[in-house]
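Chain identifiers are assigned alphabetically (A, B, ...) following the order of the sequence lines, protein sequences preceding nucleic acid strands; residue numbering begins at 1 within each chain. Computation of the quantities below employed the complete heavy-atom set of this structure, encompassing side-chain atoms and omitting hydrogens, waters and symmetry-equivalent molecules.
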Amino acid sequence: MSNSNTFDAIVIGAGMSGGWSAKELCDQGIKTLLVERGPDVQHIKDYPTATLNPWEFEHRGEISIEDKQANPAIARCYAYREDNKHFFVKDQEHPYIQDEPFDWIRGYQVGGKSLMWARQTQRWSNYDFTGPLRDGFVIDWPIRYEDLAPWYDKVETFVGIAGNRDGIDSLPDGIFLPPWKLNCVEEYFRNEMKKHYGDRHVIFARCAHLSQPGDIHLQQGRGQCMSRTECERGCPLGGYFSANSSTIPWALKTGNLTLRPDSVVHSIIYDAESNKATGIRVINKNTKATTEYFAKLIFINAGALNTNLILLNSRSERFPDGLGNHNGLLGKFVAFHNYRARISAIYEGMLDKRTKGKRPSGGYIPRFRNIYRQETGFLRGYAAGFGASRYPQRSFDGIGQQLKDNLYASPELGPWRVGSHMMGETIPKESNTVSLDEEQRDEWGIPLLHISVKYDENDELMIRDFLDQFSEMYEKAGFKEIRTHDDHRAPGLDIHEMGGVRMGRDPKNSLLNGWNQLHSCKNVYVTDGACMTSTSTQNPSLTYMAIAARAANHAVDQLKKGNII
Amino acid sequence: MNRRTAIYSLATITGGMALFPACVDSLKLEITTGEKLFFNSNQSAWLEAISESVLPKGDLDLTTFESFTEFVSKMINFQKSGEQIDSFINGYNQCTKDIRKLYHSNIQMITPDQIVDYFSNIIEEELPQQFDPREEQNSIDKKYFCEEVRGLSIWHFTTSKEYQEEVLEFKMIPDPWEACVEH
């Protein structure tokens, strides 16, 4: 065992939650190794397209037909374009086995998907944490909102969240920077919903953008969000939160972090005698050389499904089916968010009003179904986005001088166009699984992952309800030309895969305890999406970050008390 | 000499010998399936002339990543299937043949208005019913070519620096958000 390969803690995965695990550990003096399977992406320096003008893109933002054919999953992702394709994992280069159709969107680099995320940051409430217990599905969460609230505070303060204190008990308020305002039609819709329903709220979607940076953000070297809305290219201003602009450079500044990109984790090394994980086996992405690193603490933040993969591949005599898999549940109860349905319409009023400039977020309608009582034939509910905008009605008609004149004509603004997309909770099921292929390996000799995840009847009923309810809501608001659409997309494009290593109170039916430690190997913490017992409707990153910060502080506390040696 | 005149001069130079059989062939695209679309100088000049007629740029000196014909070959190769590329090539050849037959065998004698008329007719008219499958395919391909050239002309033009800044008012840092202003 080489001293240079030995640390106090190892964090696997330098993305959204891994950055937080590393930062919290380093802040407390823990010598930490952060390994990332992809290349380094340094803030600003490695955002090659961030300041390019539209006319400077060789393919005008488009993706080639060969690329789409070779990478059908990512080609279906709204964010995969010429300007940020370098941040997406190519399907072809990192294959997986779809037992059921699943579009797996990944970002293998320092920063992970925190570079390309949608930056939506709504807290969970106790209606979410107590949901499984109350509604009788899966198992009870071992934590409640009160356990996480101080960590939400901490994360929100550091990250910088723009939002309103809306006073909605199912969507707790947090520590917010000033929000961007809803426009007139969004405000109108908010008032209409209040008038017709009372409990259906339209709010500004809280988002991880610095509307007004505070000292803590300036210390990170981040500046005000200028609403460029080119976020997925990487923001040279640090206007939105990413691990690259925030947690990782912060942790590096402590002097306690060692960052190793291009390090593919093969498995976790387990010592049966001490019943502890002692380190990790890493394969250099480029040279394929294997190295072992050692530490007292291991945090797994590889991204939900890859976290499952690493644990499943960490086999030992004690754990032949994967580290911590004492009950055979590892890789089961995987879930995601249901984003299949959307609705659009026009509003014929307020033609004397328009907006000016841009903003990085829009309207949000928190879940309103089945919160206080079971009122539908399906379990749980959905949140939704809401946006209203007017576009210039530029004519592209004609040919010759007529076409040119049309392109130069000052266009009239069209009517207000409104739209919503659903964000539905799915119920984790034992039959929704990931597992390892026993024969097929990737380039680094790691078993390919089988993904077997699909919608169920509850999801179909929920889609129907979303379309019915939103049609009704739109009609009540006087919207016209209402159009509904179910795109029947495969799971995955929500990019909110969760579960497989779920938290719970009882080791018989869960893998992790209330502090995110493996029940059966307590110096291993899982604090990314894999730990989620249920999915609720909110975009999950904020909750992952809060969970990671809480667990890291617990780990340090345990380390200091000598409970983890 | 403005841009439009220059393009026509180029067309004159390259097409001026169009009465000679060898030069007639130089306008014909001959690419076998699976190959990338590429234009020789005569074809490029002809395509530029078509584009200038379809969407006249006149004296505008546009800042774009590439010339129009480079854009056409790049984007057709980049975005289209082999079948679509074949259709584009056949459409180009059929249209070029049609235009020569309709207006003049020497393309230097063909005016922008004639090209506009031809394109307008092809794009706007419903596909004629053909009993010969080859003729039917030719009609489909001609329409496809005309629509693609028109679309690519608009795309190339509207993604120029000048159009983005002057007409679409693109700014690297947009105006601050104002949620509700009088219109």
Side-chain angles (χ1 to χ4, degrees), chain A residues 50-69 82 180-188 204 211 226-230 237 350-360 388 390 392 394 396 398-413, chain B residues 52-58 60 62-66 71 74-75 77-82 84-85 112-113 115-124 146 149-151 153-168 170-183:
Chain A
T51 55
L52 290 186
N53 291 295
W55 55 90
E56 294 175 302
F57 285 96
E58 190 179 354
H59 298 104
R60 309 307 196 267
E62 298 294 313
I63 299 293
S64 74
I65 189 167
E66 284 98 347
D67 194 334
K68 288 178 182 171
Q69 285 165 350
E82 183 183 20
W180 279 263
K181 285 184 178 165
L182 295 180
N183 66 37
C184 348
V185 170
E186 291 162 351
E187 284 286 355
Y188 162 77
F204 174 73
S211 54
M226 304 304 285
S227 293
R228 293 178 61 227
T229 64
E230 304 289 4
L237 307 166
M350 294 194 196
L351 294 176
D352 57 340
K353 301 283 192 296
R354 65 182 175 88
T355 61
K356 195 175 173 200
K358 293 180 174 180
R359 63 180 171 174
R390 297 183 74 183
R394 196 174 299 280
F396 295 94
I399 195 160
Q401 189 60 41
Q402 187 199 350
L403 172 59
K404 186 181 178 186
D405 292 345
N406 283 339
L407 293 178
Y408 274 100
S410 296
E412 289 293 311
L413 277 181
Chain B
E52 181 62 24
S53 305
V54 167
L55 176 50
K57 269 75 76 178
L60 286 174
L62 297 176
T63 308
T64 54
F65 205 92
E66 66 296 270
F71 181 66
K74 179 167 71 181
M75 296 313 288
N77 288 328
F78 193 69
Q79 290 197 302
K80 304 299 182 188
S81 65
Q84 288 170 316
I85 293 175
D113 286 345
I115 295 175
V116 166
D117 281 347
Y118 178 82
F119 268 65
S120 299
N121 285 334
I122 295 286
I123 290 171
E124 286 163 16
C146 290
V149 166
R150 184 179 172 281
S153 297
I154 295 170
W155 196 5
H156 190 243
F157 183 69
T158 56
T159 51
S160 67
K161 178 176 189 287
E162 290 71 19
Y163 191 84
Q164 288 280 321
E165 288 184 336
E166 291 161 24
V167 181
L168 300 182
F170 170 81
K171 295 173 187 165
M172 181 63 81
I173 305 292
D175 292 330
W177 171 249
E178 290 183 61
C180 195
V181 296
E182 294 297 319
H183 175 51

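Interface check for chain B: of the options A/V185, A/L413, A/N183, A/T355, the most heavy-atom pairs under 4.5 Å are formed by A/T355.
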### Task
Run the numbers on A/L403 and B/I154 for side chain to side chain contact (heavy atoms under 4.5 Å, CB included), then give the verdict.
CA-CA 9 Å; A/L403 172 59; B/I154 295 170; 3.8 Å; yes
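Taking all atoms of both residues into account, the shortest heavy-atom contact from B/M75 to A/E58 is SD-O, 4.5 Å. Nearest heavy-atom pair across B/I173 and A/M226 is CG2-CE, 3.8 Å. A/R228 approaches B/P174 most closely through the heavy-atom pair CA-CD, 4.0 Å. Counting all heavy atoms, side chain and backbone alike, A/W55 lies closest to B/F170 at CZ3-CD2, 3.8 Å. Counting all heavy atoms, side chain and backbone alike, A/K404 lies closest to B/K57 at NZ-O, 3.8 Å.
Taking CZ of B/R150 as the start and CZ of A/F396 as the end, the distance is 9.5 Å to the nearest 0.5 Å. Once rounded to the nearest 0.5 Å, the distance linking CG of A/L407 with CZ of B/F157 reads 6.0 Å.
A salt bridge links A/R60 with B/E66: the closest approach of a Lys/Arg side-chain nitrogen to an acidic carboxylate oxygen falls below 4.0 angstrom.
For chain A, the nearby parts of B/F119 are the backbone and the side chain; heavy atoms of each come within less than 4.5 Å. Both the backbone and the side chain of B/K161 come within less than 4.5 Å of a heavy atom of chain A. Contacts of B/S160 with chain A are made by backbone atoms alone, with heavy-atom separations under 4.5 Å and no side-chain atom involved. Using a 4.5 Å cut-off between heavy atoms, B/T158 contacts chain A through its side chain alone, with no backbone atom that close. Proximity to chain B is limited to the backbone of A/E56, based on heavy atoms less than 4.5 angstrom apart.
Counting heavy atoms from C-beta outward, A/N53 and B/M172 have side chains that approach closer than 4.5 Å. Looking at A/R394 and B/L168, their side chains come closer than 4.5 Å, going by heavy atoms from C-beta outward. Taking 4.5 Å as the limit, every side-chain heavy atom of A/I399 sits out of range of all side-chain heavy atoms of B/E124. Contact annotation: the side chain of B/Q79 never approaches that of A/S64 to less than 4.5 Å [non-hydrogen atoms, C-beta and beyond].
A search for side chain to side chain contact (heavy atoms under 4.5 Å, CB included) contacts involving B/P176 returns nothing, not counting sequence neighbours. The side chain to side chain contact (heavy atoms under 4.5 Å, CB included) test applied to B/K171 returns B/D175, not counting sequence neighbours.
Aromatic ring pairs are classed by plane angle as parallel below 30°, tilted from 30° to 60° and perpendicular above 60°; the pair A/H59 and B/F78 is parallel.
Checking A/E187, A/K353, A/K181 one by one against B/C180, the side-chain contact (heavy atoms from CB on, under 4.5 Å) holds for a single residue, A/K353.
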